[in-house]
Amino acid sequence: MRFGQTLRNAIYAPWKAHYIDYSKLKSILREDAKDDRPWTEEDEAKFSEEILSIQLDKVAAFQAKTFEQLEQRATKAAEKLKDLGIEDGKAKGDITIGRLKEIEEELDAITNDAKELKKYSSINYTGFVKIAKKHDRKRGANYKIKPILQNQLHNKPFNSEQSYSPLLNKLSMMYFAVKQQLEENTELPGAATPDAQSLTQNGERYTAYKFWIHQDNLLEVKTYVLRRLPSLVYSEQSSKTLEAQGDPTLNSLYFDNADFSLYTQKADRQIDASSLRVRWHGQLDKDPDLVIEQKIIHLNGSSEEKRFNIKEKYVQPFITGEYKMEKTIQKMERAQQPEAKIQEYKNTVNGIQKFILDNRLQPTLRANYTRTAFQKPLDDRVRISIDTSLALIREDALDDNRPCRNPASWHRLDIDNTPMVYPFPNINQGEISRFPHAILEIKVKEDGISKPPKWIDDLMTSHLVHKAPRFSKFVQGVATLFEDQVNTYPFWLSDLETDIRKDPQAAFEEEEQRKAKRAEDEATFGSYIGTSKQSASYKAAVSSPLGKSYLQERINEEERAERQRAGRRSGFDGKSKSQNTNAEENGESSDGYGTLSSVFPSFSISRYAKARREKNVPLPPGVTRPTQLIKDSGPLQVEPKVWLANERTFIKWQHICVLLGALAVGLYGAAGKDMVAAWMGISYVVIAIFAGGWGYYMHLKRRNMIVARSGKDFDNMIGPMIISFALMVALVLNFVFKYRQAMSLLDDNNGNSTLPSGREWEEAGKLELL
C-alpha cells in the first residue's frame, strides 16, 4: 500500500487538520508531475520552508499542546481522586461507585487520547522521513534535505516515548487506586512503563531493559559489569578449544511475508504481535545447534517465547510443511518421557508450523552480531548481554528477478558456505546495514521480594548508556533495508543520526529530577488510597556514581599521600585516629595511586592492607561465600600436553646439569697442579648440582600445582637468575685468575721490559692448556 493511502486511513478525525500535508509536499516536489522543468534554488527554498518551518512546526506544536492538555486532565483527575482519599482512617469525601466510575471513565479517555497521540506522532514522523527520502532520490544530485530533517526531528522529539513515561506512571497509580476502591483485580490499562518490558522464559518471569552504548563507552561498561558478574561460557564446546574462548558470534534469521505484516504488528505494538526466527551460534558449516523461536507480545506488554531445537537439514522441510519433527517425537516416546511433555512439544511444533504456513512466512532478514554475556553460575537472577558488531543483512527472495537468497534454500549460501565475517565487505551495500552502537540488555528476575542490585540502577541511570526501550533488531533491520516497502518507522530512528554520548553530571541531574518526580507521585499515590501521608523520604545524591574522573581521583590520591608523608616527617599524621579508621573502613588506603603498594598490595604495610590480609573481605548483600570453587568442582581432567610441558622443562634442566657437569669434570681432570683450574672445576660442579636439584624441585612443585588446580603463575625466575649469575661470576673469576697468572709468568721469565720471544709464548700456551 502506498504511504498516502496509509496516512489517510490512519487519520484521527478530530485532529485531521493537524496532520502533515503529504499531498502538498508531493506537489511542491513535483513527484507526480510529468515535466522536465529544472529544479531551481527557489524551488528548493520553497520545499525546505514548507517541510521544515510550516509542516514540522505545525505537527510538533500540536503534539506538545495536546500532550500538555493530557497532563492537565490527568492532574485534575488526580485532584478528584485525592478528594476521595482516606486520612486518619476516615474518608475525605463521599465515596460512591458512581464517582469512582466517573473518574475511571476519565482515565480511560486520557489513556485513549494518549494512544491516539502516539499514533499521530508515529505516522507523521514516517511521513516526514518518506517525503525527505523522495526529495533526496529525485533532487539529491544537487540538494539533500534528509540530514537536516533528521537533526530537526531530534531537536523536536515529538515521536519519542521517553516523554510519555511520567504520564503513564501517574495514570497507572490512579488506575490502581480506583480499582482498589472498586475491589477489582483486573489488569491495569496503561500500567506498563516504556522503559522496561516483562517477558517469560522457561516459565520464569523477567523484566528486561534495553540500552545503546556508544563505542567510546563500550570498554568502560564491560569493565564495570565484569567486576560484578563473570563472563558466561555458552556451551561445553566453547570451553574446549582456545579458538572458542572469545565472544561467540550469533545469527538470527527473521521471518516475514511480502506484506511485512509481522513488522507492522511489532512496530505498531499491536496486541499479540509475533516474531519468528531461527537462531544459531557461529558458522553454519560447524554444525551448530539451531533453534526456532516464536516471540509473542501480549496486551499488558509482557512477552512469551516458544522454541524447539532442529537440525539444519530439517529446516526447509519444516518451513514448507513437509516435516513435523516426527523423529524427535519418536525419540521422546522411546525414552519414555512424560506424556504431558511430549504433548506440549507437539503443540509447540504444530503451532509454529501453522503460524508459518498461515502467514506465508519466509526468511527475510539476518542479524549477525557478537555477544558478550554476564551471569553468575547457577544464578539467573541478573542476566546481562552486550551485542556488538551488529550487521543486518537482507535474506529475502521477494524480488523474483534479483533475489538475495535462493528461493529453494532457507538461508544465503554465499554467507554460510564461505568464511565471511563482520563487516561483510563482499555484500552489496544495499543489502546490509551496520548498526553503529552496541546493544545492552539487562534481565532481572521477578520474584516480588528482592530488588535489583544498586549497581544495576547506577548503570542504567548513568551517562554511559542511552535508553532504547522496545528496541528490536528485526524492526531496525526492516526499517533500514526495506524502507520503501513499509509505512511505519520506529521512534528511535532519529536518535541514530545524533551523538548519544552525554555529560556525566548532566545525565546524573536529569535522572535525579526523574527520581524526585517519581517520589512525589508515590507520595500523591499514598494519599489516593490512604496507606500513608508521605512516601519514603527521598534524598538526592551529590554526584553521579559513574561520573567520576579517574584522572582527578589519581591527583587526589597523590595529594593525600603527599600530605600524609609530610605529616609523618613533621611528627604527626594530619588526621585523627578516628578519621584514619573511617578512611580504612571506606576502603581508602594511605598509599597514593601508582605507588608500589597500589601495584603490589601484598607489599603494603598500611593498616588497611594489614587488615585486608588478616580478615576476609566483606561480601556484597545477597552474595554467599562458596564452599567450593567452580574450578575445583568435578573430576580432575588435565590435558596430556600440560604434563608433557612440565616434563620437557625438567628434561631441559637436566640437560643443563649434564653439560655443566661434563665441563666441570673435564676442567678438573685437566687441571693437574693448577689450583685455579681445579677450583673452577669444583665451582662448575656445584652449579651443575644446583641446576639438577632446582629442575627436580620445580618439576614436583608444578606437578602439585596442576593436581591442585592452582591459579598461581607457573613461571619462576629465581633458579635461572642464580645459575646465570653463578656462571657469570665463575667466568669473570676464571679470567681474572688466568690474567694474573699470565702476568706473573711474564715477570718471572723476564725481570726487565723485554717482551718474551715467540717460543716462550708457545711454551706458556702449552702450560696453560695442561
Side-chain angles (χ1 to χ4, degrees), residues 2-29 45-78 106-135 145-146 148-171 189-190 194 267-270 469-470 479 486-495 497-498:
R2 298 176 66 87
F3 177 74
Q5 182 63 34
T6 303
L7 177 61
R8 288 190 290 272
N9 295 339
I11 288 179
Y12 183 51
W15 301 342
K16 183 176 181 179
H18 303 284
Y19 282 79
I20 179 177
D21 197 340
Y22 192 74
S23 300
K24 182 178 181 181
L25 290 172
K26 287 178 63 177
S27 64
I28 297 175
L29 186 59
K46 182 179 180 181
F47 180 82
S48 301
E49 178 72 17
E50 182 68 25
I51 188 175
L52 298 177
S53 300
I54 299 178
Q55 298 295 331
L56 184 58
D57 288 348
K58 177 182 71 174
V59 172
F62 178 77
Q63 191 273 343
K65 179 181 177 182
T66 307
F67 186 79
E68 184 179 359
Q69 292 175 353
L70 291 177
E71 288 184 322
Q72 293 175 356
R73 291 167 58 186
T75 302
K76 292 180 180 179
E106 176 62 18
L107 295 178
D108 289 338
I110 297 174
T111 303
N112 293 332
D113 286 347
K115 293 180 180 178
E116 292 296 336
L117 184 61
K118 185 64 185 73
K119 294 179 181 178
Y120 166 88
S121 303
S122 179
I123 195 67
N124 281 281
Y125 176 84
T126 304
F128 284 114
V129 175
K130 286 278 187 180
I131 197 65
K133 184 183 177 183
K134 288 180 179 294
H135 170 275
I145 201 172
K146 189 175 180 179
I148 303 175
L149 178 65
Q150 291 285 6
N151 185 53
Q152 292 292 325
L153 289 173
H154 180 73
N155 294 333
K156 300 177 180 179
F158 59 86
N159 193 40
S160 173
E161 289 202 358
Q162 299 296 327
S163 57
Y164 289 84
S165 181
L167 176 62
L168 294 180
N169 289 333
K170 181 181 291 186
L171 291 175
D268 292 343
R269 295 167 58 180
Q270 298 180 12
R470 305 186 185 279
V486 297
N487 293 325
T488 303
Y489 292 144
F491 62 89
W492 62 74
L493 280 185
S494 60
D495 293 340
E497 306 296 331
T498 59

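- Between the side chain of Ser27 and the main chain of Lys24, a donor-acceptor pair closer than 3.5 Å is present.
- The side chain to side chain contact (heavy atoms under 4.5 Å, CB included) search around Lys76 returns none, not counting sequence neighbours.
- Of all the heavy atoms in Ala479 and Leu493, the pair that sits closest is CB-CD1, 4.4 Å.
- Asn112 meets the side chain to side chain donor-acceptor pair (under 3.5 Å) test with no other residue; sequence neighbours excluded.
- Residues Leu149 and Ala132 come closest through the heavy atom pair CD2-CB, 3.4 Å.
- Legend: side-chain hydrogen bond (donor to acceptor under 3.5 Å, both in side chains) pairs involving residues 119-128, not counting sequence neighbours: none detected.
- Taking the six-membered ring where the residue is Trp, Phe47 and His135 present parallel rings, their angle staying beneath 30° rather than reaching 60°.
- The line from CG of Leu7 to CD1 of Ile20 is 7.5 Å long, rounded to the nearest 0.5 Å.
- Taking each heavy atom of Lys134 and Tyr22 in turn, the nearest pair found is CE-OH, 3.0 Å.
- Separation of atoms CD1 (Ile51) and CG (Asp57) is listed at 11.5 Å; rounding is to 0.5 Å.
- To the nearest 0.5 Å, atom CG of residue Asp21 and atom OH of residue Tyr19 are 13.5 Å apart.
- Here CD1 of Ile123 is found 4.0 Å from CZ of Phe3. Values are rounded to the nearest 0.5 Å.
- For residues 63-74, the pairs satisfying salt bridge (charged side-chain N to carboxylate O under 4.0 Å, His left out) are Arg73-Glu106, Arg73-Asp113, with sequence neighbours left out.
- Qualifying side chain to side chain contact (heavy atoms under 4.5 Å, CB included) partners for Asp268, counting only residues two or more places apart in sequence or in other chains: Thr264, Gln270, Thr488.
- With rounding to the nearest 0.5 Å, the separation of CZ in Phe128 from CD in Gln152 is 10.5 Å.
- Residues satisfying the side chain to side chain donor-acceptor pair (under 3.5 Å) criterion with Gln55, sequence neighbours excluded, are Glu50, Lys58.
- Taken from CG in Asn9 to CD in Gln5, the straight-line distance is 4.5 Å, to the nearest 0.5 Å.
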